[in-house]
Amino acid sequence: MTIENILSPWAQNVSPSPTLAVDAKAKALKAAGEDVCGFGAGEPDFDTPSFIKEACAQALADGKTKYAPAGGLPELRKALAQQYQDYGVLEEANPAQVVVSPGGKYSCYLAILATCGPGDEVLIPAPYWVSYPEMAKLAGATPKFIFAGDDQGFKVSAGQIEETLSANTKLVILNSPSNPTGCLYEKAEMEAIVELACRKDFLLMSDEIYEHLLYDDAEHHRPASFSKEAAERVITVSGFSKTFSMTGWRLGTLVANPTIAKAVASLQSQTTSNATTFAQFGALAAVQDWDQAMQAVQDMLVHFDRRRLKLLEGLQAIEGISCLRAQGAFYLFPKIAELGLRSEEFSARLLEEEKVAVVSGHAFGAEGYVRLSYATSDEVIEKGLDRLSRFAMSLD
Ligand SMILES: Cc1ncc(COP(=O)(O)O)c(C=O)c1O
């Protein structure tokens, strides 16, 4: 065995997460004593609501430290099935159609692995979340991209998807509200895509991990709820990380037709077994006391919204930068192309020269843009904007 062939084709093909890399670099600079303004993080900066933590601590105290069924705690699956029936995603509250996994990321991966293989194409609207193409490759499938810039609100149309379809298209990925753009699809835009999926016979994975982080009275739409046929071909993925500031808990969800849900649970049973048992009791408390859970989210949203508007206003005031008013998640995705640098060089130099960490649009399949997360303090936003403005002026 040589050093060249020691790794599998899967390991050789996969790229490490660029968003985690930026965050790690910013944290390393901070640890070395540098005053870094970090806009790289993809996680809320609040603590998990205390009633959720208490339910988990109680579960630990009660000895809930053993394996759980692979698909998730029966009471959590049942509560989620009820919730998804209320949303109109499930016709009946059938827990067998719900899987609880170790994170939304793993739910996405299992959705792709359960439905796509060699020869299949996965259509990914760009700008995209960095993990989708890698997951498609790990499943042996081929990722294909459709680009939508700021001129179309970063949203692909059904027409664009139709033009890109081939006989091998198996799955199209939707992510609304989106990482990295924060943009949301309108109901009519989603309906047109679902109608196309039914007419052209492909599956949809709807990644709704940011579904509760909405501003300006924007509404989230669940494509699986549009019709009985839609519910059959849409795999709905979500999780607790972003909504309840539970990124480290590793808890994701997946809702699909019984065939796909069963396959996902089987894949999970052979790979990770179950999501951590006592963590699931924390999630159960959130779903069972939804009013309290949503109140906690509202409290976080007040801060997110204030920061969003501060960052948006600051970015729009910088000459050479334009930015859409995104209505979801906690990201803004300004265009920096006019400043004359490729986005990778822009973000590298910004970190080097001004100690401001942003993620290059290149990582999301969108050259000419950068992603800023406003899951950070008002102070960092203000200081970061001053530095960004100085950096932009230095490029003249
Ligand atoms: C679009 C999107 N989907 C899924 C996830 C996965 O979240 P987690 O695995 O923490 O639940 C993320 C996290 O960054 C994301 O941005």
Side-chain angles (χ1 to χ4, degrees), residues 16-24 38-46 48 52 72 76 80 98-113 122 124-136 138 143 154-155 171-185 204-214 220 222-223 235-255 264 268 271-272 275-276 279-280 282-283 286-287 297 304 326 328-333 359 361 363-366 371-376:
S17 165
T19 47
L20 295 184
V22 168
D23 202 37
F39 293 96
E43 63 181 349
D45 54 328
F46 305 105
T48 303
I52 298 177
L76 180 54
L80 286 166
V98 178
V99 177
V100 180
S101 79
K105 190 177 259 184
Y106 202 60
S107 296
C108 291
Y109 181 48
L110 290 186
I112 295 170
L113 201 59
V122 178
I124 305 175
Y128 49 73
W129 180 44
V130 294
S131 295
Y132 300 138
E134 305 308 310
M135 289 171 176
L138 284 171
F154 299 119
K155 294 181 278 188
L171 179 74
V172 176
I173 296 181
L174 291 178
N175 173 217
S176 174
S178 143
N179 176 5
T181 68
C183 288
L184 270 105
Y185 280 77
L204 284 170
M205 181 179 90
S206 176
D207 179 352
E208 305 181 8
I209 196 100
Y210 297 98
E211 63 189 306
H212 299 293
L213 304 184
L214 304 168
H220 170 68
R222 298 182 175 81
I235 307 168
T236 304
V237 169
S238 191
F240 294 85
S241 292
K242 315 288 179 173
T243 306
F244 301 114
S245 213
M246 290 171 68
T247 45
W249 291 58
R250 311 310 304 129
L251 286 173
T253 59
L254 180 146
V255 180
V264 165
Q268 178 152 286
T271 51
T272 64
T276 303
Q280 292 190 61
V287 183
V297 176
F304 277 149
F330 39 70
Y331 307 107
L332 290 177
F333 203 60
V359 187
F364 309 101
R371 188 192 78 176
L372 283 86
S373 157
Y374 48 88
T376 186

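For ligands, and for the atoms within them, numbers begin at 1 and follow the listed sequence. FYI, side chains are in, hydrogens and waters are out, and symmetry mates aren't considered; it's all heavy atoms of this structure.
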Determine yes or no for a side-chain-to-main-chain donor-acceptor pair under 3.5 angstrom, with Thr48 supplying the side chain and Ser245 the backbone.
yes
Pull out every atom of ligand 1 sitting under 4.0 Å from any heavy atom of Ile209, numbered as shown with elements.
1 (C), 2 (C), 3 (N), 4 (C), 7 (O), 11 (O), 15 (C)
Do the side chain of Gln280 and the main chain of Ala275 share a donor and acceptor less than 3.5 angstrom apart?
yes
Ring geometry between Tyr106 and Tyr109 (parallel below 30°, tilted from 30 to 60°, perpendicular above 60°):
tilted
Would you say Ser241 touches ligand 1, if touching means a heavy atom closer than 4.0 Å?
yes
Taking the side chain from Asn179 and the backbone from Thr181, do they hold a donor-acceptor pair closer than 3.5 Å?
no
Looking at every non-hydrogen atom in both residues, tell me the closest pair between Ser241 and Arg250 and how far apart they are.
OG-NH1, 3.6 Å
N/O donor-acceptor pair under 3.5 Å between Ser101 side chain and Gly103 backbone:
yes
Tell me the protein heavy atom at minimum distance from atom 9 (O) of ligand 1, and give that distance in Å.
Arg250 NH2, 2.7 Å
Considering only non-hydrogen protein atoms, determine which one is nearest to atom 15 (C) of ligand 1 and report residue, atom name and distance to 0.1 Å.
Trp129 CE2, 3.4 Å
Part of Phe240 within contact of ligand 1 (heavy atoms, under 4.0 Å):
neither
Between Gly104, Pro102, Ser101, Ser178, which one has a non-hydrogen atom sitting closest to atom 11 (O) of ligand 1?
Gly104
What residue and heavy atom of the protein are closest to atom 6 (C) of ligand 1, and at what distance?
Lys105 N, 3.4 Å
Is a side-chain donor or acceptor of Ser238 paired with a backbone partner of Thr253 at a separation under 3.5 angstrom?
no
I need the atoms of ligand 1 closer than 4.0 Å to a non-hydrogen atom of Tyr210, numbered in the order shown.
1 (C), 14 (O), 15 (C), 16 (O)
Specify side chain, backbone, both or neither for Tyr132, according to which of its non-hydrogen atoms lie closer than 4.0 Å to ligand 1.
side chain
Quick one: which ligand 1 atoms are inside 4.0 Å of a heavy atom on Asp207?
1 (C), 2 (C), 3 (N), 4 (C)
Minimum heavy-atom distance Val100-Gly72, with the two atoms named:
CB-CA, 4.0 Å
Need the ligand 1 atom indices (1-based, order shown) with element for anything under 4.0 Å from a heavy-atom of Gly103.
9 (O), 11 (O)
Distance under 4.0 Å to a non-hydrogen atom of Asn175: what atoms of ligand 1 satisfy this?
1 (C)
Is a donor on one side and an acceptor on the other found under 3.5 Å between the side chain of Lys242 and the backbone of Pro44?
no
With a cut-off of 4.0 Å, which atoms of ligand 1 are near a heavy atom of Asn179?
1 (C), 15 (C), 16 (O)
Using a 4.0 Å heavy-atom cut-off, say whether Lys242 meets ligand 1 through its side chain, its backbone, both or neither.
side chain
